[in-house]
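Each remark here refers to the structure printed beneath this line.
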Amino acid sequence: MSRADIDFYFDPVCPFAWMTSKWVRRVMAQRDYTVEWRFISLRLVNAQVDYDAHFPPEYEAGHTAGLRLLRVAARVREEHGGEAVGRLYAAYGAHIFDSAPPSDADGHDAGYRGTREFLLPVLEEVGLPAGLADALDDESWDAVIRSETDQALGLTGKDVGTPIIHFEPPEGVAFFGPVISRLPSEEEAVELWDHVIGLARFPGFAELKRSLRELPQLRGLGVEEGDVGVQEDWHGGSRRQKK
């Protein structure tokens, strides 16, 4: 049972989860919240989905890379504690989304993020042993990741994406998102937080949604801070291709 103020369920390759996590960290700094960083795998959520029929070409490799990185995070939590998972996720996101995307000449595809070549500099940066990279291929960690994925979906229902935030667990409210494409200022961060929590706490609240989303303001997606990303229709919450 979590003793944190917030359980934040993330997949490291989801740009919207990363943007929301940056917002939550800003709220943490001002409200003195504690966060437990927990796991939800898009690859496991979509385990029965025909990727070729439903998703753009790079999604399967990207989601698989996310699962591989979560295996490492699960081992990190087991051996180094939850605080280390928070540092690792921060480094994952910084390297995946806050750095300029690799050029085509580098030969990096969406699956690159799940490789030792990507991971080893990240582990070194946060002061964790290089041997943790062995977990990339260790499927024994999938049981933990699947269990937390099921927990997250049990809090919200299955027709959601990432992230999922559980406020004041275990009794408090949980919700998918909010999905944001721009990082709020420090002042805006707490204002947005109060509005989101106030809405979610209403017992009869179910959903407030639009599928049109701007591409997040993340350098790794080619959108600089201050630019407005291209607006896309994420049908089904995942930008799935229409049949």
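Everything numeric here is computed off the predicted structure, so don't read it as measured data.
Between Tyr89 and Arg25, the closest heavy-atom pair is CD2-NH2, 4.1 Å. Contact between Pro129 and Leu123 at its shortest, heavy atoms only, is O-CD1, 3.7 Å. Asp5 approaches Thr34 most closely through the heavy-atom pair OD2-N, 2.8 Å. Closest of all the heavy-atom pairs between Phe16 and Pro216 is CE2-CG, 3.6 Å. Of all non-hydrogen atoms in Ala17 and Pro163, the two that sit nearest each other are CA-CD, 3.5 Å. Residue Val76 comes nearest to Ala84 through the heavy atom pair CG1-CB, 3.6 Å, listed as atom of the first residue, atom of the second, then distance.
Taking the six-membered ring where the residue is Trp, Phe118 and His95 present perpendicular rings, their angle passing 60° and hence far from 30°.
Considering only residues two or more places apart in sequence or on other chains, Tyr9 meets the side-chain hydrogen bond (donor to acceptor under 3.5 Å, both in side chains) condition with Arg38. The side chain to side chain contact (heavy atoms under 4.5 Å, CB included) search around Phe205 returns Leu199, Phe202, Leu208, not counting sequence neighbours. Legend: residues meeting side chain to side chain contact (heavy atoms under 4.5 Å, CB included) with Asp138, ordered by chain and number and at least two apart, are Ser140, Trp141. In this structure Glu148 satisfies the side-chain hydrogen bond (donor to acceptor under 3.5 Å, both in side chains) test together with Arg77, sequence neighbours excluded. Applying the side chain to side chain contact (heavy atoms under 4.5 Å, CB included) rule to Ser147 yields the partners Gln151; only residues at least two apart in sequence or on another chain are considered.
Put simply, CD1 on Ile40 and CG on Asp150 are 9.0 Å apart, with the number rounded to the nearest 0.5 Å. From Leu218, atom CG reaches atom CD1 of Ile96 across 11.0 Å, with rounding to the nearest 0.5 Å. The distance from the CG atom of Asp11 to the CH2 atom of Trp18 is 13.5 Å, given to the nearest 0.5 Å. Atom CD of residue Glu207 and atom CG of residue Asp159 lie 7.5 Å apart, to the nearest 0.5 angstrom. One finds the OG1 atom of Thr149 at 7.5 Å from the CG atom of Leu70 (value rounded to the nearest 0.5 Å). Annotation: the span from Phe39 atom CZ to Thr162 atom OG1 amounts to 14.0 Å, rounded to 0.5 Å.
At a threshold of 4.5 Å between non-hydrogen side-chain atoms, the residues Leu67 and His63 do not count as touching. Inter-residue side-chain proximity for Ile180 and Thr20 is flagged as met; some heavy-atom pair is nearer than 4.5 Å. With a 4.5 Å cut-off on side-chain heavy atoms, Phe175 and Ile165 count as touching. Contact check for Trp23 versus Trp193: side-chain heavy atoms found under the 4.5 Å cut-off. Here the side chains of Val230 and Val223 are not in contact, with every heavy-atom distance at 4.5 Å or above.
Residue pairs meeting the salt bridge (charged side-chain N to carboxylate O under 4.0 Å, His left out) criterion with at least one partner in residues 172-191, sequence neighbours excluded, are Arg182-Glu214.
Neither Leu42 nor Leu44 shares a network with the other; the hydrophobic side chains, linked directly or stepwise wherever heavy atoms of I, L, V, M, F, W or Y lie under 4.5 Å apart, form separate groups for each. Hydrophobic clustering (side-chain heavy atoms under 4.5 Å, transitive across Ile, Leu, Val, Met, Phe, Trp, Tyr) keeps Val173 apart from Val190.
Remark: Asp50 CG is packed, more than 12 non-hydrogen atoms of other residues, nucleotides or ligands lying under 6.0 Å away. Atom CD of Glu79 has more than 12 heavy atoms from other residues, nucleotides or ligands within 6.0 Å.
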- Message: One pair to check against side chain to side chain contact (heavy atoms under 4.5 Å, CB included): Tyr33 and Phe167. What are the steps and the verdict?
- Response: CA-CA 10 Å; Tyr33 284 132; Phe167 183 66; 3.8 Å; yes

- Walk me through it: do Tyr92 and Phe97 pass the test side chain to side chain contact (heavy atoms under 4.5 Å, CB included)? CA-CA 8 Å; Tyr92 279 165; Phe97 298 116; over 6 Å; no

- Test His80 against Leu132 for side chain to side chain contact (heavy atoms under 4.5 Å, CB included), laying out the working first. CA-CA 11 Å; His80 300 274; Leu132 292 167; 4.1 Å; yes

- Task: Go through Glu224 and Gln217 one step at a time and tell me if the side chain to side chain contact (heavy atoms under 4.5 Å, CB included) criterion holds.
- Result: CA-CA 6 Å; Glu224 297 289 342; Gln217 289 179 345; over 6 Å; no

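With salt bridges taken as basic N to acidic carboxylate O contacts below 4.0 Å, none links Arg43 and Asp142. Salt-bridge annotation for Lys22 and Asp98: present, with a side-chain N of the basic residue lying under 4.0 Å from a carboxylate O of the acidic one.
A distance-only check finds a donor-acceptor pair linking the side chain of Arg26 to the backbone of Pro184 [under 3.5 Å].
Screening Arg116, Arg71, Arg68 for a salt bridge (charged side-chain N to carboxylate O under 4.0 Å, His left out) involving Asp134 leaves a single residue, Arg116.
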